[in-house]
Amino acid sequence: MSNFNSPIRLSSSLIKHLKYRVRMCSNPLLPHSRPFTTTEGHRPIIVHKRSLDILHDPWFNKGTSFSFTERDRLDLRGLLPPNVMSTEQQIERFMVDLKRLEEQARDGPSDPNALAKWRILNRLHDRNETMYYKVLIANIEEYAPIVYTPTVGLVCQNYSGLFRRPRGMYFSAEDRGEMMSMVYNWPADQVDMIVVTDGSRILGLGDLGVQGIGIAIGKLDLYVAAAGINPQRVLPVMIDVGTNNEKLLKDPLYLGLQRHRLDGDEYLAVIDEFMEAVFTRWPHVIVQFEDFQSKWAFKLLQRYRNTYRMFNDDVQGTAGVAIAGLLGAVRAQGRPMIDFPKQKIVVAGAGSAGIGVLNATRKTMARMLGNNEHAFQSAGRQFWVVDAKGLITEEREDLDPEARPFARNVKEIHRQGLREGASLVEVVQEVKPDVLLGLSAVGGLFSKEVLEALRGSTSTRPAIFAMSNPTTNAECTPEEAFSIVGDNVVFASGSPFKDVDLGNGHIGHCNQGNNMYLFPGIGLGTLLSGSRIVSDGMLQAAAECLAAYMTDEEVLKGVIYPSISSIRDITKQVAAAVIKEAIEEDLAEGYREMDSRELRKLSQEEIKEYVLNSMWSPEYPTLVYRKE
């Protein structure tokens, strides 16, 4: 990790980039000045509204922090209390209110405290975006589980009742033929990042229809907080093609289309029209697909990935985080990462996330083994995949084509004492794996019997990854893992759990293998590199960067993922790794004044500095009124 307190020798290209920023900050009204962007987050902003319109606009509202000069300039004098407060004072007032109102905001005893916190934070988001993100960044470890998993799952389940103020855009099956004009209803002329969902598989909660937009909003909150993407240049999107959730179809308060989901060519036509529309208006936008059902996740990824700047976080982001954790587990055993291809891995779950992890892990193993056909075949033999019907073998009928490469040879498993459809307990007993990886969305799947079977692992330090979200869908808890398998186990989960006190001063570390370690850096790195696609190499570079982030001392203690409190630094490092890989693959086209030639001249440390200087920070800009 770099130390930015030490002197850094800057290249002429980076000096030019920094001088540009200084010039723009000092003279915002230059004729050729660019709109409010990620890299120009602190220059004065020209606005075309005053008075109450400013106070009602969360992008520009400062509340009691408006100076008297701005109050006069924007016709706000008399519309606010006379005491001008600092940002710190505003945050202090908010935090006092937050603690006091947490209980009062609950809708009765069945309303969890986490949802009450979400309500209060959402109200702040609705009235003052800058302060919202300042609070979120300063308290990211506490509030990431509120704006993202696990609380966002609860928000999505109740979104029709929680909906107060529109956020994002909704494209529906009823809008076919109109999407190209609809995109111009969004007020921002430039959008850097879109997170889109069709609501068909929200976390592990199933089809939530239009209510799934909550996950897109939560993801983009983390893009802003972790990656410094300007909040005025993000767009959450819901594509409503109906729902197959019978409860929602009968709910009179449901906000979405009350019809069964489109399928086949009709469905593809809607997604095609949406992609064409957003890339026509915003040619450089990056689109992250989120929580599409497995049936479509892979098809859409393959359909668009070589044409548009897009990626699927469930397939590719989850895979990258899992690879980083799996490599960490090898290091935790005191072995070099090159031993990774020797790991025996039992995978529970063959949905989009599970198959995505399998594909990426096999590629990583194969690359270490020589990256040829024999290496791929050898790597494939390290996995035993169990779905709802049991162990997947070549005998399985109607097997998903995406899972077929991981079906075990029948003769081979017979020699192991297994068969088609063998239970998870049987597979763990016979294989004695190094790693038990859960991506099943079935809470408690790693039962006492399964965990007891893992005690027979041939590994000196077996690893358990209970990666399903939200918390209720985790395959097991850390308490169960440490108490049944033993104190030496390496444990990771998708949602946050507290560390376990093992007694005698020993701690059982619960690592959160959350996608937020990677997707903000993948998005930011792609944006700043100017790459037209998100390549496998860029994703691999992101995963390897995360795997190397932890020190040997930390890893040997069982800590394989960093603290969420370091998320801005983690994202900076990951983004820099993505940019470097894009340059090496000759995909980088540059971003704004940093063209591809200038980008190629930067050293690794200068790339990190470039990333850091491009990250938006939540500071109130000076507002200058001008009539349209």
Determine, step by step, whether Asp536 and Arg305 satisfy the side chain to side chain contact (heavy atoms under 4.5 Å, CB included) criterion, reporting the C-alpha distance in whole Å, the side-chain angles of both residues, the deciding distance to 0.1 Å, and the verdict.
CA-CA 10 Å; Asp536 285 338; Arg305 67 171 308 187; 2.9 Å; yes

Steps toward salt bridge (charged side-chain N to carboxylate O under 4.0 Å, His left out) verdict (Arg396, Asp387)
CA-CA 11 Å; Arg396 176 74 62 89; Asp387 66 2; 2.8 Å; yes

As a quick check of understanding, evaluate side chain to side chain donor-acceptor pair (under 3.5 Å) for Asp221 and Tyr132, giving each step before the final call.
CA-CA 10 Å; Asp221 277 348; Tyr132 171 77; 2.7 Å; yes

What's the verdict on salt bridge (charged side-chain N to carboxylate O under 4.0 Å, His left out) for Asp126 and Arg164, showing C-alpha distance, side-chain angles and the deciding distance?
CA-CA 9 Å; Asp126 285 345; Arg164 296 292 181 272; over 6 Å; no

What do the steps show when you test Thr151 against Lys117 for side chain to side chain contact (heavy atoms under 4.5 Å, CB included), and what is the final call?
CA-CA 10 Å; Thr151 307; Lys117 285 185 180 180; over 6 Å; no

Step-by-step salt bridge (charged side-chain N to carboxylate O under 4.0 Å, His left out) determination, Arg176 to Glu273:
CA-CA 8 Å; Arg176 281 176 284 187; Glu273 184 179 347; over 6 Å; no

Take Lys295 and Asp400 through the test salt bridge (charged side-chain N to carboxylate O under 4.0 Å, His left out) and record every step on the way to the result.
CA-CA 9 Å; Lys295 174 181 177 179; Asp400 188 324; over 6 Å; no

Verdict with reasoning, Met179 to Val270, per side chain to side chain contact (heavy atoms under 4.5 Å, CB included):
CA-CA 9 Å; Met179 294 183 192; Val270 172; 3.7 Å; yes

Walk me through whether Val347 and Val357 qualify under side chain to side chain contact (heavy atoms under 4.5 Å, CB included).
CA-CA 9 Å; Val347 179; Val357 169; 6.0 Å; no

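Using a 4.5 Å heavy-atom threshold, the side chains of Trp59 and Ile45 count as separate. Residues Leu222 and Ile567 form no side-chain contact, since every pair of their non-hydrogen atoms from C-beta on lies 4.5 Å or further apart. Under the 4.5 Å side-chain criterion, counting only non-hydrogen atoms from C-beta, Leu162 is in contact with Leu115. Side chains of Ile522 and Thr526 form a contact here, defined as non-hydrogen atoms less than 4.5 Å apart. Between Ile392 and Phe406, every side-chain heavy-atom pair lies at or beyond the 4.5 Å cut-off. For the pair Phe60/Glu129, no side-chain contact is recorded, criterion being any heavy-atom separation below 4.5 Å from C-beta on. Arg362 has its side chain within reach of Pro405: a pair of non-hydrogen atoms, C-beta onward, lies under 4.5 Å apart. You'll find the side chain of Phe289 stays beyond 4.5 Å of the side chain of Val315, heavy atoms only.
Trp282 places no side-chain N or O within 3.5 Å of a backbone atom of Ala277 that could act as its donor or acceptor partner. Of the possible polar contacts, none joining the Gln512 side chain to the Ser493 backbone as a donor-acceptor pair under 3.5 Å is found. Put simply, the side chain of Tyr223 gets close to the backbone of Phe519: a donor and an acceptor are under 3.5 Å apart. Judged purely by atom type and a 3.5 angstrom limit, Lys608 has no side-chain atom pairing as donor or acceptor with the backbone of Ala577. The backbone N or O of Asp53 sits nowhere less than 3.5 Å from a side-chain atom of Asp57 that would complete a donor-acceptor pair. Distance alone, capped at 3.5 Å, places no donor-acceptor pair between the Asn122 side chain and the Trp118 backbone.
Atom CD of Gln157 sits about 10.5 Å away from atom CD1 of Ile202, to the nearest 0.5 Å. In this structure, Met275 CE and Ile194 CD1 are separated by 8.5 Å, a value rounded to the nearest 0.5 Å. Between the OG1 atom of Thr318 and the CD1 atom of Ile323 there is a distance of 11.0 Å, given to the nearest 0.5 Å. For the atom pair Leu300 CG and Ser352 OG, the distance stands at 11.0 Å (nearest 0.5 Å).
No hydrogens or angles considered: a donor-acceptor pair under 3.5 Å links the side chains of Glu475 and Ser440. When only modelled atom types and interatomic distance are considered, Tyr170 and Asp175 share no side-chain donor-acceptor pair under 3.5 Å. Looking only at atom types and distance, the side chain of Thr149 has a donor-acceptor partner in the side chain of Ser495 under 3.5 Å away. Side-chain polar atoms of Asn515 and Tyr148 form no donor-acceptor pair below 3.5 angstrom. No hydrogens or angles considered: a donor-acceptor pair under 3.5 Å links the side chains of Asp272 and Tyr304. Side-chain contact annotation: Thr197 with Glu290, donor-acceptor N/O pair under 3.5 Å absent.
By the 6.0 Å contact criterion, NZ on Lys580 is open, its count of non-hydrogen atoms from other residues, nucleotides or ligands being 12 or less. Environment of CZ in Arg597: sparse, with no more than 12 heavy atoms of neighbouring residues, nucleotides or ligands closer than 6.0 Å.
Taking all atoms of both residues into account, the shortest heavy-atom contact from Cys156 to Leu208 is CB-CD1, 3.7 Å. For the pair Gln211 and Ser160, the tightest heavy-atom approach, listed with the atom from each and the gap, is OE1-OG, 2.7 Å. Arg568 and Trp616 get closest at one heavy-atom pair: NH2-O, 3.1 Å. Taking both residues in full, the closest heavy atoms of Ser535 and Glu585 are given as OG-OE1, 3.0 Å, listed atom of the first, atom of the second, then distance. The shortest heavy-atom contact between Leu527 and Arg309 is CA-NH2, 3.5 Å. Taking every heavy atom of both residues into account, Asn473 and Ser468 meet most closely at O-CB, 3.3 Å.
When the ring-ring contact (aromatic ring centres under 6.0 Å, His included) test is applied to Tyr267, the partners found at least two apart in sequence or on another chain are Trp296. Scored by the salt bridge (charged side-chain N to carboxylate O under 4.0 Å, His left out) test, Arg127 finds no partners at all (sequence neighbours excluded). Among residues two or more places apart in sequence or in another chain, the ring-ring contact (aromatic ring centres under 6.0 Å, His included) test is passed with Tyr159 by none. The ring-ring contact (aromatic ring centres under 6.0 Å, His included) check on Phe465 picks up nothing, with sequence neighbours excluded.
Between Lys389 and Glu397 no salt bridge is recorded (no basic side-chain N to carboxylate O distance below 4.0 Å). In summary, Asp586 and Arg600 engage in a salt bridge, as defined by a charged side-chain N under 4.0 Å from a carboxylate O.
The one candidate from Val574, Ile570, Val578 that meets the side-chain contact (heavy atoms from CB on, under 4.5 Å) condition with Cys545 is Val574.
Pairs of residues two or more places apart, or lying in two chains, never qualify as side chain to side chain donor-acceptor pair (under 3.5 Å) while including a residue from residues 178-188.
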When the side chains of residues 248-257 are checked against the rest of the protein, which donor-acceptor pairs come out under 3.5 Å, sequence neighbours left out?
{"from": "Asp251", "atom 1": "OD1", "to": "Leu253", "atom 2": "N", "distance (Å)": "2.9"}
{"from": "Tyr254", "atom 1": "OH", "to": "Val210", "atom 2": "N", "distance (Å)": "2.8"}

